[in-house]
Visitor: 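For reference, the structure I am asking about is given below.
Remember, predicted model here, so these are calculated numbers, not experimental data. Here is how names work: the chains are called A, B, and so on, in the same order as the sequence lines, proteins then strands, and each is numbered from 1.
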There are 2 protein chains.
Amino acid sequence: MPADRGQAAGQPTISEVAAEAGVGRATAARTLGGYGYVSPELRERVLAAAEKLGYRANALARSMSTGVSHTLGVIVADIGNPFFAGVVRGICDTSRARGFDTIVLSTYENLDEEVAATNVLIDKRVDGVIIASAAVGRREVAHIRAAMDRIPVVLVDRAVASLDLDTVVIDNRDAAREAVETLIAAGHRRIGFVWGPPAAQQPVTRRGLLAEASRNLWTDGERLRGYLDALDDARIPFDPELVMVGRKTEERVTEEVARMLSLPDRITAIFCTETDGVTGALRALRTAGLSCPRDVALIGFDDSAWAAVMEPPLTMIEQPVHRLGAKAAEVLLDAIAGGEPARETHTLRSRLIARSSVAPPPGPHH
Amino acid sequence: MPADRGQAAGQPTISEVAAEAGVGRATAARTLGGYGYVSPELRERVLAAAEKLGYRANALARSMSTGVSHTLGVIVADIGNPFFAGVVRGICDTSRARGFDTIVLSTYENLDEEVAATNVLIDKRVDGVIIASAAVGRREVAHIRAAMDRIPVVLVDRAVASLDLDTVVIDNRDAAREAVETLIAAGHRRIGFVWGPPAAQQPVTRRGLLAEASRNLWTDGERLRGYLDALDDARIPFDPELVMVGRKTEERVTEEVARMLSLPDRITAIFCTETDGVTGALRALRTAGLSCPRDVALIGFDDSAWAAVMEPPLTMIEQPVHRLGAKAAEVLLDAIAGGEPARETHTLRSRLIARSSVAPPPGPHH
DNA sequence: CTGTTAGCGCTTTCAT
DNA sequence: ATGAAAGCGCTAACAG
C-alpha cells in the first residue's frame, strides 16, 4: 500500500494524539469530539497533545460514523447573478448560525447541470438541499424526486407544480400586477412587457403566450399572469406585439424595446422583469431620443443602489433576497432537525419602491 | 448500535449492489468506481443492479480511502458582493471543468470568521484553498500558515506581504494611477479620493495615511499608492482633506463627498475605489446641485451594466473578475495535481473604460 | 479477471 | 471513568 493513501501526509489523527497524550483512543476521541465523560486531568493532557500536534478533526471520518455531514447543498442558476448571490448569502448566514456549512452549485439554467449538481450533493451526503430549479414538466423532476427519497429538499424562488414540497417564493404575480397597475393608474394603456422565456418564436396570441409560460420558469409565468391581470382589470386589450419573448440579454432587450418604441401606436411605458432588462430598455430609450419619464414610464424588477441614483431615480420592485434565502434555510434546517416537513408554500412579499420614473403618458401628439 | 448510524436510511451501498448483482464487493466497486478490469457481462449486471437500487457512491467514504476529496475551498469577504460573486463564479467554472467541487465561505472581513472558515475547510479535507484574506500583519496569518502546511493555498485579489504564496491579483496601483492621471490630464488638480479603510481617525499627513494603508487591506494600500503616484508625477500637492477614510457605506460616502464639495477650494473630480462609493458620490453631487461632468468629473472602480446607462455614462475601471477567479483556480489545481507551486504573483490587467463622466474642470469662478 | 482482506479516521457500544 | 473493538462505505493490495 503506497504511503500516500488515506489522508494527506502530516495530518495528525486521533490515534496519534492519544499516543502523544498517553491515553486510549476513545478517551482522546471523547475529549476532542466533545462527548462522553473524561477526567479533567486526562482531558487536559489530550488537549495539550492535540494543540502540540496541530490536530484537526477529520470531518469526513466523523460523517462516516455519524451519518450526518452538517452540510447543506444549494443549487441555483448562477451564483454570479446578484439576485442569487443575495439568496445564497441569506442561506449561508442562517445555516452557519446553526452550525451548518454550505456547498453551492450553479446550473446556468441547464437541466443537465442541475441533475449533475443534485447527484454531486447526494454523493457528498449533504443533510439537505435547497434548489432553485429550472425544471417544469413532470418528466424533468426525476432528480428532485430522487433527492427527496433520501434527504429533505426545499425549493426556493421557483415553485414546481408537480412537486409537493416546502417552497419559499415571493409574490411574483401580485408584484407584477401592482407594477402594471401603477402604470395604468398614471394613464398608460400601451405598456411594453420585457418578459423572459427563450421561446422558439414570438407567440401571437394570449393563449400561445400562456402556453409558453407553462413551459418555462415558474417566476416568468407568474409575472406574465400579473401583467395580464392588471390589463384585464382595466379592460385594456392585450397586444402580443408589446411583449418581448426570448433571453433577456441587454442587446436583445434593447432591440425589442426599440421595436415597441417604433410601433405606429407606440408604447408609453415599459415593465421589465429583470435588472438586465432595465439597462437594455434605458439604452433603447436613449438611442430613440426619448426621455424617461416624460416620454416613457418605466418600472423594473430587482432594485439596486444604482436605480436610486439614476436620472430619474427609478421606480423598482424590491425582492427580499436575503430573507428568501434565510427562510429557505430555516425551513430546511427544521426539516432536518425535526422530521416531518410541512410541505407548504411560504410566500414573501416584495415591495414597489416608488421613485420618479413613472409619470403620465405624453399627449396624443407624441 | 442504533439503527440510524452510518449513512441515512435507504442509501444503498456497494455491498448491496454486489449482492443484488451476485458478484463480489470488489467487482461492484471496480465497475462503479471506474477502475480496474471487469468482464462486460458482470459489468452489465452490476450496472443494472445499481440502477435498480438507485445506487449513488458515497463520496465521503471514497475520500476516506483515497485521501483526496476533489473539492476546493474558497474564502472571500462576501459572496453577496458582485465582485466576489464574479470571482467565485470564475473559480467554480474552472474547477468544475476539472472535476472539482467548491465550498465557499464568507468572512465579512472579520478575521475570526476567516480563521474559522479555514478550519472548516481543513476539517472537511478539501484538496486546496483559495483565500481573499483580510490578514495583514505577521500575527494575523497563522491560520494561513497552518493551512499551507497541509494543502496547497493560493491567494486571490489580495496579496499578503509576509506570505510566500501563489497570488492572483489585478494591477490595483497602476489602475488607480491611470484613473487619476486621466483626471489630471483633463485639467483637474483638486481630486477627491473615496478610499476605504475603517480607521480610528482621519489621518492628517501623507505619512499617516500610508501607515494606515499598511495596516489595512492590500488592495486599498495599492490604490492609495496609485493615487499618490499620479499626484506626485504631476507635482500636485497632496491634501489629506481630499481623502475619505472609513467604511465605504453609501451614507458615509455621501457625507464625505458633500464635505469635500463644500470646501473653500472644493474638489472638481472624484475617484472612487468601489461601486458603493460611486453611488454615494452621485448622491452627494445631486443634493449639492452639481452636475457631472460639467461641475465635477468622476471615475470609479468596478464597472457594471448600470454605469453605462447613467446620465452621463460613467468612466469606470473594469476588473477581470471572472478571469481572476479562473486563474486562481488554475494555479491551485496545477499545484494540487503537479506538486511544486511556483509561489509567484500573477497580475491581471484591469481596463479603464472611457465614457463621459470626465470633462475639464469648470472655470475659476465656480 | 474476480474475490478476500485490510485499512482510511472517527464514533459508539461494551467490558473493565 | 477508561480502553478495546467493531463498524460506517469505500479503495486497493494480494491471492487465486
Side-chain angles (χ1 to χ4, degrees), chain A residues 1-46 50 53 55-70 122-125 150, chain B residues 1-46 50 53-70 122-125 127 150:
Chain A
M1 178 184 316
D4 64 344
R5 257 204 69 190
Q7 66 179 349
Q11 304 259 38
T13 74
I14 226 169
S15 305
E16 296 175 44
V17 174
E20 173 75 25
V23 302
R25 273 220 273 273
T27 304
R30 275 189 280 259
T31 21
L32 267 9
Y35 56 92
Y37 293 102
V38 166
S39 70
E41 30 190 351
L42 285 195
R43 186 185 166 68
E44 212 40 64
R45 267 161 54 196
V46 171
L53 299 181
Y55 172 79
R56 285 262 98 214
N58 184 329
L60 267 34
R62 183 170 286 172
S63 293
M64 283 289 300
S65 250
T66 59
V68 299
S69 60
H70 282 279
I122 289 175
D123 293 356
K124 284 213 186 319
R125 295 306 192 260
R150 299 160 194 259
Chain B
M1 179 184 315
D4 63 346
R5 257 201 72 190
Q7 66 179 348
Q11 305 260 39
T13 73
I14 226 169
S15 306
E16 297 174 45
V17 174
E20 173 77 26
V23 301
R25 272 221 272 277
T27 303
R30 275 189 280 258
T31 26
L32 267 9
Y35 57 92
Y37 293 103
V38 167
S39 69
E41 29 190 351
L42 286 194
R43 187 185 165 67
E44 213 38 66
R45 266 158 60 193
V46 171
L53 299 180
Y55 172 80
R56 283 263 97 214
N58 184 329
L60 268 33
R62 183 171 288 172
S63 294
M64 284 289 301
S65 236
T66 58
V68 299
S69 59
H70 282 276
I122 289 175
D123 293 357
K124 283 215 188 316
R125 296 302 191 263
D127 296 334
R150 298 161 194 258

Visitor: Nearest to the Thr66(B) side chain among dT12(C), dT11(D), dG9(D), which nucleotide is it?
Guide: dT11(D)
Visitor: Expressed in angstrom and rounded to an integer, what is the separation of Asn58(B) atom CG from dT11(D) atom P?
Guide: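 Those two atoms, CG and P, are 9 Å apart.
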Visitor: Assign Leu60(A) to base, sugar-phosphate, or nothing according to its heavy-atom contacts below 4.0 angstrom with the strands shown.
Guide: nothing
Visitor: State, with a plain yes or no, whether a side-chain heavy atom of Thr13(A) is found less than 4.5 Å away from one of Asn58(A).
Guide: no
Visitor: Looking only at the side chains, is there a donor atom on one of Arg150(B) and Gln11(A) sitting less than 3.5 Å from an acceptor on the other?
Guide: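 Note: Arg150(B) and Gln11(A) side chains meet the donor-acceptor criterion.
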Visitor: Starting at CZ of Arg62(B) and ending at P of dG9(C), how long is that distance when rounded to a whole Å?
Guide: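 After rounding, the gap between these two atoms is 18 Å.
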Visitor: Distance check needed: dG9(D) C1' versus Arg150(A) CZ, whole Å only.
Guide: 14 Å
Visitor: Between Ser39(A) and Ala61(B), which has a closest nucleotide on DNA chain D that is more 5'?
Guide: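 Per heavy-atom nearest nucleotide, the more 5' residue is Ser39(A).
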Visitor: Looking at dT11(D), dG3(D), dT11(C), which one has an atom nearest to any side-chain atom of Thr27(A)?
Guide: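 Nearest nucleotide to the side chain: dG3(D).
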Visitor: Rounding to an integer number of Å, can you tell me how far Leu32(A) CG sits from dT11(C) P?
Guide: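 Taking CG of Leu32(A) and P of dT11(C), I get 8 Å after rounding.
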Visitor: Tell me: CZ of Arg25(A) to P of dA6(D), nearest whole Å?
Guide: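 Going from CZ in Arg25(A) over to P in dA6(D) covers 11 Å.
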Visitor: Between atom NE2 in His70(A) and atom P in dT11(C), what is the gap in whole Å?
Guide: 11 Å
Visitor: Quick check for you: among dT2(D), dT11(D), dG3(D), whose closest atom lies nearest to any side-chain atom of Tyr35(B)?
Guide: dT11(D)
Visitor: Side chain of Val38(A) only, please: which of dC8(C), dC10(C), dT2(D) is the nearest?
Guide: dT2(D)
Visitor: Return the value, rounded to whole Å, for the distance between atom CD1 of Ile14(B) and atom C1' of dG9(D).
Guide: 8 Å
Visitor: With heavy atoms under 4.0 Å as the rule, sort Arg30(A) into base, sugar-phosphate or nothing.
Guide: base
Visitor: With DNA chain C as reference, determine whether Tyr37(B) or Glu16(A) sits nearer its 5' end, using the nearest nucleotide of each.
Guide: Tyr37(B)
Visitor: Can you measure Ile122(A) atom CD1 to dG9(D) atom P for me and round it to whole angstrom units?
Guide: 16 Å
Visitor: Might you point out which heavy atoms bring Met64(A) and Met64(B) nearest each other, and give the distance in Å?
Guide: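 That would be CG-CG, 3.8 Å.
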Visitor: What pairs of donor and acceptor atoms, side-chain ones from residues 18-37 of chain B against any protein atom, are under 3.5 angstrom apart with sequence neighbours left out?
Guide:
unit_1, atom_1, unit_2, atom_2, d
Glu20(B), OE2, Lys52(B), NZ, 2.8
Arg25(B), NH1, Ser15(B), OG, 3.4
Thr31(B), OG1, Thr27(B), O, 2.8
Thr31(B), OG1, Ala28(B), O, 2.9

Visitor: Assess whether one donor atom and one acceptor atom, taken from the side chain of Ser65(B) and the base of dG7(C), lie less than 3.5 Å apart.
Guide: yes
Visitor: Listed by chain and number, what are the side-chain contact (heavy atoms from CB on, under 4.5 Å) partners of Ser69(A), not counting sequence neighbours?
Guide: Ser63(A), Thr71(A), Asp127(A)
